[in-house]
Amino acid sequence: MSEQLSLRRLALLLRNDTLAGYRSLAIVAATLAVLLVFGSLIGGLNGGGFRTYYDGCFIAALFACGLIGTSLSFRELHDKHRNASYLLLPASALEKTLARLAFGTVGAIAFALLLVTVVAPLAEALNLAVFGVQNRLFQPFGWLPLTMIGHYVVVQSAFFVGAAWFRKAHFIKTALTLHLVLACFAGLAALLVWLLSLKFETTAYGVDLDPLNDLFQAAWRPIYYVALPLFFWLVAWMRVKEAQVSHGV
């Protein structure tokens, strides 16, 4: 059994978090189900036939619930009245990080997929019975849901490190930080493009940019979908580890 990672301890942490939060999760699921059925009935009232309604419901449930839940991943760590009991749990910082990461990624994705997949047929059966029309059923393995899951994992990783880093208002502070960072990157990118265009116009008229474009196309996906989330998760683990060593100070 490793001191840093034990599957048994990790399973116990997951069970403990599940037992602590299943009531809140059930309330959220019931609320979302009601809203989903209500929206479907409105669509049926207007003639039905909507092709992406349930895709939109899935995306909204995934990002709204997943990111809000992720931003609260380490609320005990920053609570002076509860951080002692959390830090004294017989588990390493890595195991605590992985447990909360599992809920924010696998748990949130499975929750949104299961919710929409189960509720959509019931909502459309009601639509058919009341209005005689139907919207297109949810395709959980369609292009749009799978694409958005990839983007969700990237965005979730940023909110995960924000949950570990910020002491209060985790969601708001993370969102503001992301907007600031993206604005800075957009400004730098625009400046770089402008400088390169000036250089090519004055010194290398007719330069072939295809190699640079090919390099960008080959590099952005592994950087965006793999390197970026891994980096943010690593920073979150280091922050939890630091808090555990310093007793949450």
Side-chain angles (χ1 to χ4, degrees), residues 1-22 24-25 62-111 149-185 188 222-249:
M1 180 182 295
S2 171
E3 293 183 0
Q4 293 299 318
L5 181 59
S6 165
L7 294 180
R8 181 177 180 275
R9 290 199 301 262
L10 182 58
L12 290 174
L13 282 175
L14 291 171
R15 186 188 68 175
N16 183 62
D17 288 341
T18 301
L19 292 175
Y22 79 92
S24 298
L25 188 63
L62 177 61
F63 278 84
C65 298
L67 296 184
I68 292 174
T70 294
S71 68
L72 299 174
S73 294
F74 299 106
R75 59 189 181 277
E76 301 99 331
L77 188 67
H78 307 294
D79 189 332
K80 294 181 179 180
H81 302 289
R82 295 192 293 172
N83 65 349
S85 59
Y86 179 70
L87 292 170
L88 290 174
L89 285 173
S92 68
L94 177 60
E95 291 161 348
K96 293 174 183 177
T97 304
L98 289 176
R100 297 300 166 86
L101 178 60
F103 278 105
T105 53
V106 178
I109 294 168
F111 170 77
I149 285 174
H151 290 304
Y152 168 76
V153 171
V154 178
V155 178
Q156 183 273 344
S157 66
F159 280 84
F160 190 69
V161 74
W165 198 272
F166 297 118
R167 294 183 179 275
K168 295 180 180 179
H170 315 90
F171 184 88
I172 295 174
K173 290 182 179 178
T174 304
L176 290 176
T177 302
L178 278 178
H179 280 83
L180 179 61
V181 171
L182 290 174
C184 291
F185 270 110
L188 290 174
I223 292 175
Y224 177 74
Y225 287 112
V226 179
L228 196 60
L230 288 176
F231 172 74
F232 283 141
W233 294 336
L234 177 63
V235 174
W237 167 62
M238 293 174 65
R239 178 67 185 99
V240 175
K241 185 178 180 181
E242 178 188 14
Q244 186 138 314
V245 171
S246 60
H247 305 290
V249 179

Does any non-hydrogen side-chain atom of [Y] lie less than 4.5 Å from one of [X]?
X: T97; Y: W233; result: no
X: Q156; Y: T105; result: yes
X: N16; Y: L12; result: no
X: Y225; Y: V153; result: no

Option passing side chain to side chain contact (heavy atoms under 4.5 Å, CB included) with L13 (candidates L89, T18, L98): L89
Atom pair CD1/CG of I223 and L228 - distance to nearest 0.5 Å: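 Here the rounded value is 9.5 Å.
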message: Nearest 0.5 Å, please: how far is CG in L25 from OH in Y22?
response: 11.5 Å
- prompt: Quick one: salt bridge (Lys or Arg N to Asp or Glu O under 4.0 Å) pairs with a partner in residues 223-235, sequence neighbours left out?
  reply: none
- request: Please collect all ring-ring contact (aromatic ring centres under 6.0 Å, His included) contacts where either partner lies in residues 66-109, sequence neighbours excluded, each pair once.
  value: F74-F160, H78-H170
- prompt: Do other residues, nucleotides or ligands put more than 12 heavy atoms under 6.0 Å from the CG atom of L234?
  reply: yes
task: Taking atom CG of L182 as the centre, report whether more than 12 heavy atoms of other residues, nucleotides or ligands fall under 6.0 Å from it.
output: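 More than 12 heavy atoms, drawn from other residues, nucleotides or ligands, come within 6.0 Å of this atom.
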statement: Residues at least two apart in sequence or cross-chain that pass salt bridge (Lys or Arg N to Asp or Glu O under 4.0 Å) with R15, listed by chain then number, are none
field: Salt-bridge criterion met for E76 and K96 (N-O under 4.0 Å)
entry: no
